[in-house]
J.: 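One structure follows; several queries about it will come next.
Quick caveat, the model's predicted, so the values are computed rather than measured. The chains referred to below are lettered A, B, ... by the order of the sequence lines, with proteins before strands, and numbering in each begins at 1.
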2 protein chains.
Amino acid sequence: MGTPLPRDPIADARRNWEDHGWAEVAAPMAAITAIMRTQQILLARIEVVLKPFGLTFARYELLALLSFARNGSLPMKKASTLLQVHLTSITNAVDRLQDAGLVRRSPHPTDGRTTLVELTSEGRTLAKRSTTALNAEVFSASGFGPGDIDQLIRILGDFRRNAGDFMDS
Amino acid sequence: MGTPLPRDPIADARRNWEDHGWAEVAAPMAAITAIMRTQQILLARIEVVLKPFGLTFARYELLALLSFARNGSLPMKKASTLLQVHLTSITNAVDRLQDAGLVRRSPHPTDGRTTLVELTSEGRTLAKRSTTALNAEVFSASGFGPGDIDQLIRILGDFRRNAGDFMDS
DNA sequence: GCAATATACTAGGACATCCAATGGTCGGTG
DNA sequence: CACCGACCATTGGATGTCCTAGTATATTGC
């Protein structure tokens, strides 16, 4: 972004909460606000890396999901469920990926309601190359302390399970 | 959302990364993906609480920021900087808050380029009431373990400082 | 003092997300 | 076997975010 701020705005917000008699919820407010901001920073980094490939994060996620699917294809609804976004967002992403020649729609062999999304060979190639770029330019230097990453995975995993995202251990 | 998934899709993604020779970055990938998903869950909860007030999170943030400002007013640019969003997003939010009678634009007394955004009394009232609702319905039961909240604040604070968000301790 | 540069805000466009509504297709139940 | 509720996908609308100009006002520098 721009120049670093002289002070942490989230720490300021926390102080404001405490000063207004909401001290009991000041810490969770700060934690939640920090997650919002962190997501924003990470998303921006990811989009910068994906831009040269003509991809956005939403489209990349779908491409990557398909590349790990058994035969490179999934029903729209299944993609929606696994990526945890509305089906309409999948429709939107598939439209654009299809225009770019990276995926293809095909009818489900036995269920007339279902549409399968399938990687083209260009799509598979781009999925691999963009993943390599993300690994090299974002994930390998995430900016989190080494020990902090495991902490994050555990804390956020607990949160997500608690929020009803998934069930297993 | 819908029904909980039988398995954690992020844990699956992590396994996929490991199985494809990207084991060194599998953990940070999982942590980053978890942050994305956690943000999505939290944002949805917040929006549900704010909806009865006719607010979105973007508009609430601006309203809350103004309510803590000295005289309830700030230059657009200052709000943009503190909230870390594009100036055009502030323009957009102010347009809608102004239509709702919650804020008012006024010229800066000495700088003709600058527009001040100022809370109306309705805006100040709504800021207070919506904050009370968020405190009661989201922050007081954030879903994070008690000890985890401080961990999160530290880890994400380190990350944000490292990312150039702010400079102080 | 005036021209060149920088800053503040707005306008319009591209994307993404969600919601509500619509149109087909499946399936279980009489 | 026909019907009605459940399910899948698309379309259209509202919001929000960022980016790229374009306009107006300040500042800088010669």
J.: What is the minimum heavy-atom distance between Ala34(A) and Ile10(A), and which atoms define it?
T.: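 For Ala34(A) and Ile10(A), the tightest heavy-atom pair comes out as CA-CD1, 3.5 Å.
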J.: Going by the rule side-chain contact (heavy atoms from CB on, under 4.5 Å), which residues pair with Ala58(A) if we only count those two or more places apart in sequence or in a different chain?
T.: Thr56(A)
J.: What pairs of residues pass the ring pair (Phe, Tyr, Trp, His ring centres under 6.0 Å) test when at least one of them lies in residues 9-31 of chain B, not counting sequence neighbours?
T.: Phe68(A)-Trp17(B), Phe68(A)-His20(B), Trp17(B)-Trp22(B), His20(B)-Trp22(B)
J.: Any chance you could lay out the salt bridge (Lys or Arg N to Asp or Glu O under 4.0 Å) test for Asp12(A) and Arg15(A), step after step, and finish with the verdict?
T.: CA-CA 5 Å; Asp12(A) 284 348; Arg15(A) 265 186 290 276; 2.8 Å; yes
J.: Go through residues 67-80 of chain A and report each residue with a non-hydrogen atom lying under 4.0 Å from DNA chain D, sorted by number.
T.: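 Here the set is Met76(A), Lys77(A).
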J.: Between dG16(D), dT10(D), dC9(C), which nucleotide gets closest to the side-chain atoms of Leu87(A)?
T.: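 Nearest to the side-chain atoms of Leu87(A), counting from C-beta on, is dT10(D).
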J.: Run the ring pair (Phe, Tyr, Trp, His ring centres under 6.0 Å) test against Phe57(A) and tell me which residues pass, sequence neighbours left out.
T.: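 So Phe57(A) forms no ring pair (Phe, Tyr, Trp, His ring centres under 6.0 Å) with any residue.
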J.: To the nearest Å, how far apart are Leu116(B) CG and dA8(C) C1'?
T.: 12 Å
J.: Quick one: salt bridge (charged side-chain N to carboxylate O under 4.0 Å, His left out) partners of Asp111(A), sequence neighbours excluded?
T.: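 Expected list: Arg113(A).
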J.: Give the rounded distance in Å between these two atoms: CD of Gln39(A) and C1' of dG16(D).
T.: 13 Å
J.: Could you check Ser89(A) against Arg105(B) and say which one's nearest nucleotide on DNA chain C is further toward the 5' end?
T.: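 Whichever sits nearer the 5' end wins; that is Arg105(B).
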J.: What is the distance from CD of Glu61(A) to C1' of dA16(C), rounded to the nearest Å?
T.: 12 Å
J.: Could you check how far CZ of Arg59(A) sits from C1' of dT17(C), rounded to whole Å?
T.: 14 Å
J.: List every contact pair, protein side and nucleotides 19-22 of chain C side both N or O, where the distance is under 3.5 Å.
T.:
unit_1  : atom_1 : unit_2   : atom_2 : d
dC19(C) : OP2    : His86(A) : ND1    : 3.3
dC19(C) : OP2    : His86(A) : NE2    : 2.2
dC19(C) : N4     : Thr88(A) : OG1    : 3.2

J.: Write down the distance between CG (Leu43(A)) and P (dC18(D)), rounded to a whole number of angstrom.
T.: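 My rounded result for the distance is 9 Å.
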J.: Using salt bridge (charged side-chain N to carboxylate O under 4.0 Å, His left out) as the criterion, list what pairs up with Glu18(B), not counting sequence neighbours.
T.: Arg14(B)
J.: Would you kindly give the CG-to-P distance between Leu55(A) and dC15(C), to the nearest whole Å?
T.: 12 Å
J.: Looking at dT25(C), dC15(C), dC18(D), which one has an atom nearest to any side-chain atom of Thr56(A)?
T.: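 Among the listed nucleotides, the one closest to the side chain of Thr56(A) is dC15(C).
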J.: Treating Thr38(A) as the side-chain partner and Ile35(A) as the backbone partner, does any N or O pair qualify as donor plus acceptor under 3.5 Å?
T.: no
J.: Please collect all ring pair (Phe, Tyr, Trp, His ring centres under 6.0 Å) contacts where either partner lies in residues 132-157 of chain A, sequence neighbours excluded, each pair once.
T.: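 Counting only pairs at least two positions apart or across chains, the ring pair (Phe, Tyr, Trp, His ring centres under 6.0 Å) contacts touching residues 132-157 of chain A are Phe144(A)-Phe159(B).
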J.: So, OP1 or OP2 of dC18(C): does either fall under 4.0 Å of a side-chain N or O from Gln40(B)?
T.: yes
J.: Restricting to salt bridge (charged side-chain N to carboxylate O under 4.0 Å, His left out), what partner residues turn up for Arg124(B), sequence neighbours left out?
T.: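 Not a single residue meets the salt bridge (charged side-chain N to carboxylate O under 4.0 Å, His left out) criterion with Arg124(B).
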J.: Taking side-chain hydrogen bond (donor to acceptor under 3.5 Å, both in side chains) as the definition, give me every residue that meets it alongside Asp95(A), ordered by chain and number, with sequence neighbours left out.
T.: Arg105(A)
J.: Any residue in residues 90-104 of chain B with a heavy atom nearer than 4.0 angstrom to DNA chain D? Just list them by number, or reply none.
T.: Asn92(B), Arg96(B)
J.: With respect to the side chain of Thr114(A), which nucleotide from dC8(D), dC18(C), dC18(D) is positioned closest?
T.: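 Nucleotide nearest to Thr114(A)'s side chain: dC8(D).
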J.: Nearest-Å distance, CG (Asp111(A)) to C1' (dA6(D))?
T.: 12 Å
J.: Partners of Arg45(B) by salt bridge (charged side-chain N to carboxylate O under 4.0 Å, His left out), sequence neighbours excluded?
T.: none
J.: How close or far is atom C1' of dG5(D) from atom CZ of Arg113(A), stated in whole angstroms?
T.: 12 Å
